Amino acid sequence: MKEQKVSRPKARLPRGFRDRSGAEIAAERKILDTIRTVYESYGFAPLETPAFEYTDALGKFLPDVDRPNEGVFSLQDDDGQWLSLRYDHTAPLARYVAENFQFLPKPFRRYAVGPVWRNEKPGPGRFRQFTQFDADTVGSNSSTADAELLMMLADTLEALCLERGEYVVKVNNRKLLDGVLEAAFVDNSRRGTVLRAVDKLDRLGVDGVRALLGEGRKDDSGDFTKGAGLNETQIERVLTFSTPGATLDSVAPAVAGSAAGEAGLKELEAILSVVRGCGFGEERIAFDTGIVRGLDYYTGPVFEAQLTFKVKNDDGQDVVFGSVAGGGRYDDLVARFTGQTVPATGVSIGVSRLLTAMTQRGLTGSTAPLIVVLAMGDAAGSFAVACELRAAGFAAEAYVGNKKVPDQLKYADKRGAALVVMEGDDERDKGEIILKDLKAGAEVAKTVETRADWVGARAGQSIVKRANLVAEVEKLLGRT
RNA sequence: GCAGCUGUAGCUCAGUUGGUUAGAGCGCCGGAUUGUGGAUCCGGAGGUCGGCGGUUCGAACCCACCCAGCUGUACCA
């Protein structure tokens, strides 16, 4: 009988998702702890909502049953209702506030952290699951709420050990650009296209955006993007407004006569007056007309935090790192549920992006040095040793595999263990125990030529009294 | 969605104008070594050459279609 070839599944990650382990998790934990500490010090309280929401609660409609909507991961519950994984923390917040409105203190201030999912095409540095850390104030239309978020963001970045000048929190107001468009007689139907074009200013440059505001732009691959179709005068007015270096005074004429524009100016003045009054200068929080944010739901102030230092991409090339946090005011989100307008403002930190940048700045998450106790005959004995070391505050494991000693050492090596403890029959009889410093041994190995020399060298090893185990280990590893 | 590039062992890749049995390094397993990590040496397992058709005496290689991945771009509540 012939062997039937069994078809096996290919071991592979779904596109756009990542496995993470060890140092990366430890580093992220450090970042999350820091952000949490700052947010809580500002009086924001944690709120956890589930990964799934009803699809309509996320603001998605259901055009056809097979594909509830692009962009979200969805599935149908056994009662036929559609559920979707959250794509941000803001939509679940709106649902929560609407559902619990009568019980909540207003303004309601909460932070939320966790993974969000987007069913989109992944790219370099762009995944279908990533972590966001949000803080929002719901139920206040005061500019102090916006100003507070800007300051909190600046403080958070410094708590993460970024120096003054290595980051800048930028603020703008949607109403200003609305004013410019109004004053330039740009049709309201083109507003979205214009916003998206201006948002690409940092990536495409002035010429690229000019093309997108006009007829359109052909990219490197030859693909053509239809533009907003503005005329020369209109394009110039938008570009003049958006180009860096504007001040509140310098943009005032461009929006004069527009109610929206003047309201935007007032809001920005109010925000900046609080911020400056608290001692936050230009180098930390700055007005920048180039910030627009793509999202439709922003209605007023919009913010973005940017890193000013160079970061390397996977190919080792320097790239200008975009924003690591964004946010703004959205006054209409809760109204979807209650019909009642509830003003809100919030900020969201892209933790994964921030982690990439911080890692290159040398941030590392350290884990406790590991001690591996080899299995040499007496299983209970090796566990007793590990147990004793754990009680003394070390991370220690007894080897639970079934290999011989050389393989156990390879295992410890591969684990990155700092120390190996060996207690064979000979040592046990004499009331002794062997401590082997793997890092010291690795140094010795570099100069060893033959295998016999290496085996005989017992590199990095010392024999100590069994009774002094903890004290000797403390001497080698130091106390944590 | 549009465009370009790439699919060969678990991973990274080589494979001559189309020619016999498709290779290397790493990793894995066994040994040199029953209680000492590295380096080295010996041996071994592991392949529908992305899929399906076509051209040919003969296809990993040429052609058509499909699929997947990567990169850019668009969309992104």
Side-chain angles (χ1 to χ4, degrees), chain A residues 4-8 10-16 53 55-61 68-72 74 84 86-88 90-92 94 116-126 128 192-193 195-197 199-200 203-204 208 212 216-227 293-298 313-315 330 332-333 336 372 374-377 403-417 419-428 434-461:
Chain A
Q4 280 281 327
K5 189 84 183 175
V6 290
S7 96
R8 298 194 175 87
K10 192 162 170 62
R12 57 187 188 136
L13 266 173
R15 195 164 60 109
E53 295 281 348
T55 303
D56 61 351
L58 290 180
K60 306 308 286 185
F61 54 100
N69 220 316
E70 293 194 46
V72 295
S74 302
S84 296
R86 65 180 176 217
Y87 53 81
D88 67 12
T90 310
V116 301
W117 295 268
R118 293 189 189 176
N119 192 2
E120 296 167 350
K121 190 191 145 184
R126 202 169 172 189
R128 296 205 286 176
T193 314
L195 287 177
R196 286 194 294 276
D199 196 37
K200 296 181 174 65
R203 190 156 50 86
L204 301 181
L212 283 176
R217 171 178 179 271
K218 192 180 263 191
D219 66 52
D220 295 339
S221 69
D223 193 27
F224 184 77
T225 310
K226 199 170 179 300
R293 309 290 301 165
L295 273 60
D296 266 348
Y297 61 64
Y298 291 129
N313 64 11
D314 292 341
D315 299 328
Y330 50 97
D332 301 327
L333 244 52
R336 281 200 6 253
V372 174
L374 300 199
M376 295 174 79
K403 295 294 183 88
K404 295 165 188 164
V405 168
D407 289 309
Q408 296 192 37
L409 280 161
K410 279 183 190 168
Y411 166 81
D413 201 31
K414 214 161 192 171
R415 286 294 310 275
L419 202 65
V420 163
V421 177
M422 293 182 268
E423 186 185 32
D425 296 335
D426 296 349
E427 289 77 28
R428 213 173 349 258
I434 300 172
L435 304 183
K436 190 178 180 72
D437 182 335
L438 290 187
K439 294 202 170 50
E443 287 301 314
V444 174
K446 288 176 186 164
T447 61
V448 172
E449 290 300 321
T450 72
R451 196 195 135 68
D453 287 347
W454 166 244
V455 170
R458 299 282 195 267
Q461 234 168 270

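None of these values were measured; they are calculated from a predicted model. Quick note: numbers below take in every heavy atom, side chains included, and nothing from hydrogens, waters or symmetry partners. Protein chains get the first letters and strands the later ones, always in sequence-line order, with residue 1 at the start of each.
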Determine: side-chain N/O of A/Lys200 to OP1/OP2 of B/C75, distance under 4.0 Å, yes or no.
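Yes, A/Lys200 has a side-chain N/O under 4.0 Å of OP1/OP2 on B/C75.
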
Counting only side-chain N and O atoms of A/Arg196, is one of them less than 4.0 Å from OP1 or OP2 of B/C76?
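For A/Arg196, the contact criterion (side-chain N or O under 4.0 Å from OP1 or OP2 of B/C76) is met.
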
Counting only Watson-Crick pairs (N1-N3 plus N6-O4 or O6-N4) and G-U wobbles (N1-O2, O6-N3), all under 3.5 Å, who is the partner of [N]?
N     : answer
B/A74 : none
B/G19 : B/C57
B/U33 : none
B/G25 : B/C11
B/C5  : B/G69
B/A64 : none

Polar-atom pairs under 3.5 Å, protein N or O versus N or O of nucleotides 26-28 of chain B: list them with distances, or write none.
{"from": "B/C28", "atom 1": "OP1", "to": "A/Lys414", "atom 2": "NZ", "distance (Å)": "2.9"}

Any residue meeting side-chain hydrogen bond (donor to acceptor under 3.5 Å, both in side chains) with A/Arg15, in chain and number order, not counting sequence neighbours
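For A/Arg15, no residue satisfies side-chain hydrogen bond (donor to acceptor under 3.5 Å, both in side chains) once neighbours in sequence are set aside.
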
Salt bridge between A/Arg428 and A/Glu423, side-chain N to carboxylate O under 4.0 Å?
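Looking at A/Arg428 and A/Glu423, the cut-off is met.
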
So which nucleotide from B/G37, B/A74, B/A77 ends up closest to the side chain of A/Leu438?
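Looking only at side-chain atoms, A/Leu438 lies closest to B/G37.
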
Nearest-neighbour nucleotide for the A/Pro406 side chain, B/C70, B/G35, B/G38 considered
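When the side chain of A/Pro406 is considered, B/G35 is the closest of B/C70, B/G35, B/G38.
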
What is the distance, rounded to the nearest whole Å, between atom NZ of A/Lys410 and atom C1' of B/G38?
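One finds 10 Å between C1' of B/G38 and NZ of A/Lys410, rounded.
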
